[in-house]
Amino acid sequence: MESKPVINEFSGIAAKGLRNRYIGSLSAADAGERVSVCGWVARVREHGEHLVFVDVRDYSGIVQVVAHSSVDLRSEYVVQVAGLVSERPEGTVNPDLATGEIELTDTEITVLSAAEPPPFAIQDRVEVDEAMRLKFRYLDLRRDKMQHHLRMRARINSAIRASMERQGFTEIETPLLWTPTPEGAREFVVPSRLHQGSTYVLPQSPQIAKQLLMVAGFDRYYQIARCLRDEDLRADRQFEFTQLDLEASFVTQRDIMDFISDAVIAASRAAGISATGEVGEISWKDAMDRFGTDKPDMRFGNELIDVSAVFSNTSVRALSAPCLKALVAPNPSSLTRSKLDDLVDRAKGLGAKGLLWLRAVAGSEGLQFESPVSKFFTADESKSLMDVTKVSEGDVVLIVGDAWEKACHVLGQIRLELGRSQGDPDEFRFVWVVDFPLFEGVDEQGRLISAHHPFTMPNEEDFSKLESDPLSVRSQSYDLVLNGWELGSGSIRIHRADIQSKVFASLGITEEEAGNRFGFLLDAFKYGAPPHGGFAFGIDRLAALLVGEDNIREVIAFPKTQSGADVMTGAPKEIDTRIWDLLGLSVKAPKKYLA
Ligand code: ASP
C-alpha cells in the first residue's frame, strides 16, 4: 500500500458532488461518521470468507474499505464508496498510512467506471520503462510521485507569482505567433495561410516584447512564459519550456538580482525547502578560476588552485603552459593507478594535452610527491606546490596546463565528476554569477560572438574598450546558478542608439540587417526608451531540482521523448495534403519513403 502523502491541498477544500470528503482528510477523529468518498481501486484483498479489503485512492490519500466479496472490483475501477468511518481493531492499525487508524465499514460501493487492467501498476515503487510511462502518461501521472511533483510545481508557480506581485510586477501575456527572437537557437516556424509564403516564428523568449513593454511604460512586467526552441533534446531540455520572464525600468543590475532572489527563495519555501541561505555572488572570472565553470556547484570545496607561479622555471615540458591549474582530488584513496590513467584520458577527451597526477606520500624527509614526473621537480618546486595546495598524506594533486580558459574548464569538469557525490542533495546553493564578458569569442569571419544577446549593455567602465579591446569588455549580465545548474540569465539592456550601433557593428550586424531583424524595436527606442533590464529563469529546471529530480520530464505533464516525439498522441504526424495546399506549401517526400 502506498503511504506517501501527496500534498495536502485538499485540507480546507470542501469535497462536492459525488463525495463529501477527500480520502486523505479522514482520521480517527471522524469515527462514527458516515462519509462518502470517490476514487480508484488500488488493491483488492480477500479477507475471510465473505469479506474483501479494498484500498481506494484519490490524490489525497488511500483508505481501506471493507466490502462484501460479492462486489466485482478490480484495480483502477472508479468507485464511489459510502461508509462508516470506523477505528480499526487493535493490532491492525497501519502506522505507515495517514488514514491507517481507520477503515470504512458498512459500505455501499458504486462502480462509476470499470477499467481494463493497466499496463503497469499505479505504484511509485514499480519501475516502469520510460517509453511506457510516456505512452500511458495519464496512468503514470496517476501515481503519487507524479501527483506530488506537478502539484508542487503549481505551488512553486503560485509562490513566484505572489513574489512578483508583491514586488510590483504586472503579468502581461505576449504573443506566441511572433517574429524571430535573437536568442541564438533554431526556431519553430508556423506557415501563414493568409500570407502565403510567409511564416510566423514561435518565440524563443518574450525578449523583444518585454523590452517594448518597457518603452510602453509598464515599468515592471512579468510572465510565466512558454518559450520554444527547436534544439536537440536532452535531460534538461525540451522544445517548449517555461520560464519566469521579467523586465523592469529605471533599475540597476542589483535590483533585478534582488527581485529574482526573492522569487526563487519564495519558490524554494513553497517546495518545503528553507535551507537556502542567502543567494551568493561570484564574478565570472572567479567562478572560472576557482571552479572551472560559469555554473559552479558550490556545495563542496576542492577548488582549483593556480600553480603557474610554482613552475615558472620548470624544465618539464608538460608544465610549460600559459596557465597551470591544480586540483586536490576528493576521495584520493579511490584513485587507483588505473583510475588515474582513466582521468588522463578523460582530460584528453575534454581537449587538454594531458593531465599530471601526484600523490603526497610520507618519505624519509617528510611529505613528498610520488608521480611519474615528480623526479623532474626541484626541491623548491615540490615545497611550494605543497604549500599552495596544502596537501596532507595520501592526497592526490591533479594538474592541467593549457590556455587559461581550457585549463580551468578541463579541471573544473574533473572536479565535478570526482566530487559531485560530495554535494549534499538537501542543500540548495543559489549563486549569482556576474561580470560576464560581453563577447565570448570571434567566429571564422572575425566577427565577435555575443555572449548573451545583442541588446546586452556593456559595463560602463569598459565602454572605452569596445573598439580597442572588445574581448576584455565586461557586460552588465548575470546568471543564476543552483547547485551547478544554470537556472537563467539576464542583463541590463542597451537603450541608447549610439551604444547599440557600436555593439551591432562589433557583432558584424549591418545597419540594414539590424533594421530587417529588429527594426521595430530600434524604432520604438527612438520614442523614449527608459533604461531597463531583465531576467528569465527556467521553471522546469527549478521545479525539478526542488523536488529532487535530475530530469525535467519528471515535472512536466506531457513531455516529449529525447527524439522530440509525443508517443501518446503520435505527434509530430503527417498531415493531410489539403492542409499543405491551403498553406500554399508542398512537401518533399518524407525521408522514410526515400530510403
Ligand atoms: N531572454 C533571455 C533568455 O531567455 C533572458 C533575459 O535576458 O531576460 O535567456
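All ligand and atom numbering here is 1-based and tracks the order in the structure. Keep in mind the model is a prediction, meaning the values are calculated, not measured.
In terms of modelled atom types and a separation under 3.5 Å, the side chain of Lys145 and the main chain of Leu141 share no donor-acceptor contact. For Ser501 (side chain) and Ala497 (main-chain N/O), a donor-acceptor pair under 3.5 Å exists by modelled atom type. Listed for the Asn483 side chain is a donor-acceptor partner under 3.5 Å among the backbone atoms of Arg429. No side-chain donor-acceptor contact under 3.5 Å links Glu187 to the backbone of Val201.
Residues Thr181 and Gln207 bring no donor and acceptor atom of their side chains to less than 3.5 Å of each other.
For ligand 1, the 4.0 Å heavy-atom shell takes in Glu183, Ser205, Gln207, Lys210, Arg229, Gln243, His452, His453, Ser489, Gly490, Arg493, Gly534, Phe535, Ala536, ordered by chain and residue number.
Relative ring orientation between Trp432 and Tyr478 is described as perpendicular, the plane-to-plane angle rising above 60° on a 0-90° scale split at 30° and 60°.
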